[in-house]
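In what follows, every heavy atom counts, from backbone to side chain, and hydrogens, waters and symmetry copies are set aside.
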Amino acid sequence: MIDGLGVAGWGVGGIEAEATMLGQPMSMVLPAVVGFKLSGKLRNGVTATDLVLTVTQMLRKHGVVGKFVEFYGGGMGELSLADRATIANMAPEYGATMGFFPVDAKTLDYLKLTGRSDETVAMIETYLRANNMFVDYKQVQAERVYSSYLELDLDEVEPCLSGPKRPHDRVTLKNMKSDWLSCLDNKVGFKGFAVPKESQGKVAEFSFRGTPAKIKHGDVVIAAITSCTNTSNPNVMLGAALVAKKACDLGLEVKPWIKTSLAPGSGVVKKYLDKSGLQKYLNQLGFNIVGYGCTTCIGNSGDLDESVAAAITDNDVVAAAVLSGNRNFEGRVHALTRANYLASPPLVVAYALAGTVNIDFEKEPVGISKDGKEVYFRDIWPTTDEIAEVVKASVLPDMFKGTYEAITKGNPMWNELPVSASTLYPWDPKSTYIHEPPYFKDMTMTPPGARPVKDAYCLLNFGDSITTDHISPAGSIHPDSPAAKYLKERNVERKDFNSYGSRRGNDEIMARGTFANIRIVNKFLKGEVGPQTIHVPSGEKLAVFDAAMKYKNEGHDTIILAGAEYGSGSSRDWAAKGPMLQGVKAVIAKSFERIHRSNLAGMGIVPLCFKAGEDADTLGLTGHERYTIQLPTDVNEIKPGQDVTVTTDNGKSFTCTLRFDTEVELAYYTHGGILPYVIRKIAAEQ
């Protein structure tokens, strides 16, 4: 988000962050800079979320992994700072290292709005102007030179959503119904569910708390206003509240079995919703404030009502979630919502009212008013001027000042937690939340050096767009999973399983949760979906963790085959730590997402890229082969980006690019990972 403020910064993996805390500098290849020119202004009724989903699709198509994106042009003056932050915060989804907005008059306006003194703002402006870092759009702009260019006329942005399985699969609102119907038809994939024609209209009847109810494909069961930036943006938040007011005034209601929630990204949001008098309308529709921060977007929506869950499961219903989050990867939002659409907060309210994504808002009513008339989308959608009027009257500097002053005080429960006076952490062997990790077990002061990968088996064979959510899910722990078995053995009841995200301090659970996503597609399983694989020597079908342990116990190395964009999504360090604990020695992919590739290097896993035009399929690799990676044993002979030969036991041979991108990453690898490297370095300096 800070890049929207003109503060240059970007996300790193947790592994890099840990090393930096211990004094290790970060290394990176100097990035290309993509210039993204904005012109015009957004049309009436079009939101910042519509813009960000459009930008995300464009940048993902352009290819910006490992690059900086800088926004410029006359259209910048039409974007509020909150709108810019919404775009900047989606950088992981479009793949860039950062999406940067230079400081201009709008930035200074935001600083004043959020309670900074006139003296501070004047000093910032003077300093930036003196250093040629302030952009004044009233003056003629010099043409800047970028590595590549993109352009968007804001006037062309249309209301839209993204889904049902990836943030860059944008669908315009007017095409939503036809796109949904084609998704039902299409074969299983990013845009398909392969529901037979004769089953597409099937209606499942169930009883919800004693009342007869029905559910069918495309029905919304989760509607969540959630996500750090969308729920910190006054325009879309107050826009959602205005939709709620108009709907309530007409007597519209949300079906009681739809799980609705509102999780603001900032405490200020509650203040301006209360000041506007609109929170009560959101409450009336079920959008009560449930907390602040990550909820549904990270899989923390909680369980659906048992009757709804049973109706979905028993009838194989493709149920939908509509959320204002950044990410909708498979299995992330909820185990029972196979279709997950990203949308602006006001659209989330509209879809909650409609109760289905199988609707054409231009032609079909959202609901029936209290006087029996059909109510259409246009009847409840606020104008840009209506929203601006409420924002101006309700969002005030004192709200930010008050919230910021209290932010460091914490809350009583947090402040009263007992803290040990010891400088060493007192590990509790009985804890199922925090467990001493094995990263330094059997570590010597001598680095292990380059390690051969010889006759390794393939643990998993993937296609494109395997995300960090597929690799290391953060959501609920499935009752039949290896992680659940571990918890049950320690007398943890099902209701207390919590989520993988909450238990990420326990390596035993996280190793078992690695590749445990219920929607993961592994080519070994030939059409089946789920967290299992084939143990090649025996032909057994096992949970991925169980197969990995079997290979480990037999003394075999393992590798992973993958397609393009391997490791996209959240910067989740467990997506590298987990495979390392499972015994994975290398990943061979068409391309990697930036943070995940560096995390693999940081855990001592070898990242290799197929040559352009090649992948596992074109090379005829099935994953049933055994793989030997011909890395030099002398570390001085290994260079970043060098060619490496991979051979198989059935006579195949192909060349890959070694994706250690810097000498520092090579050093991490020869030390067995970044953490042993840092410990040895600290010890040597003592």
Side-chain angles (χ1 to χ4, degrees), residues 1-2 5 7 9 11-12 14-15 17-23 85 89 111 113-117 120 224-232 237 261-275 279 283 287-302 325 395-437 474-477 487 490 492-493 495-507 509-510 570-574:
M1 277 203 226
I2 58 171
L5 255 178
V7 178
V12 298
I15 297 160
E18 287 165 2
T20 305
M21 283 189 253
L22 295 168
N89 195 44
L111 293 174
L113 170 69
T114 51
R116 274 68 172 188
S117 69
T120 299
I225 301 174
T226 171
S227 158
C228 26
T229 41
N230 271 312
T231 53
S232 303
M237 291 304 291
S261 60
L262 166 58
S266 162
V268 177
V269 178
K270 181 182 187 307
K271 292 183 177 179
Y272 62 65
L273 282 171
D274 287 343
K275 166 83 176 161
Q279 178 65 55
N283 292 348
F287 289 96
N288 303 75
I289 292 178
V290 294
Y292 298 89
C294 295
T295 53
T296 303
C297 186
I298 192 72
N300 291 337
S301 62
V395 184
L396 307 171
D398 285 349
M399 294 176 179
F400 292 88
K401 278 183 185 169
T403 304
Y404 292 162
E405 280 164 7
I407 212 160
T408 54
K409 294 173 186 170
N411 61 57
M413 284 177 69
W414 174 262
N415 292 334
E416 286 163 18
L417 285 174
V419 181
S420 163
S422 167
T423 53
L424 290 174
Y425 184 77
W427 300 104
D428 176 2
K430 295 194 200 71
S431 173
T432 55
Y433 277 96
I434 299 176
H435 181 262
E436 184 173 8
S476 59
I477 296 170
L487 289 169
R490 281 150 188 80
V492 178
E493 292 182 41
K495 66 181 175 61
D496 297 322
F497 279 4
N498 214 322
S499 65
Y500 285 111
S502 67
R503 292 187 179 274
R504 61 182 179 261
N506 187 323
D507 59 282
I509 287 170
M510 297 308 287
S570 310
S571 56
R572 195 164 296 159
D573 55 336
W574 270 109

What's the separation between atom [atom1] in [X] and atom [atom2] in [Y], rounded to the nearest 0.5 Å?
X: R572; Y: M510; atom1: CZ; atom2: CE; result: 7.5 Å
X: I298; Y: T226; atom1: CD1; atom2: OG1; result: 9.5 Å
X: I434; Y: R504; atom1: CD1; atom2: CZ; result: 10.5 Å
X: I225; Y: S261; atom1: CD1; atom2: OG; result: 8.0 Å
X: N89; Y: M1; atom1: CG; atom2: CE; result: 5.0 Å

The single option from N506, I509, N498 that satisfies side-chain contact (heavy atoms from CB on, under 4.5 Å) with Y433 is N498
Which one of V269, N288, L262 satisfies the side-chain contact (heavy atoms from CB on, under 4.5 Å) criterion with Q279?
L262
Quick check: closest heavy atoms across [X] and [Y], and the distance to 0.1 Å?
X: K401; Y: G115; result: CE-O, 3.5 Å
X: L273; Y: M237; result: CD2-O, 4.2 Å
X: T296; Y: S301; result: OG1-CB, 3.7 Å
X: C294; Y: N300; result: O-ND2, 4.0 Å
X: T114; Y: Y404; result: O-CE1, 3.8 Å
X: A263; Y: V290; result: CB-CG2, 4.1 Å

Looking at R503 and F497, would you say the former's side chain and the latter's main chain have a donor-acceptor pair under 3.5 Å?
yes
Residue pair S266 / S232, side-chain donor-acceptor N/O under 3.5 Å:
no
Are any non-hydrogen side-chain atoms of Y272 and L396 less than 4.5 angstrom apart?
no
Could you tell me whether the side chain of K270 reaches within less than 4.5 Å of the side chain of Y292, counting heavy atoms only?
yes
Quick check on W427: does its CH2 atom have over 12 non-hydrogen neighbours (other residues, nucleotides or ligands) under 6.0 Å away?
yes
Taking it one step at a time, do L111 and T120 satisfy side-chain contact (heavy atoms from CB on, under 4.5 Å)?
CA-CA 9 Å; L111 293 174; T120 299; over 6 Å; no
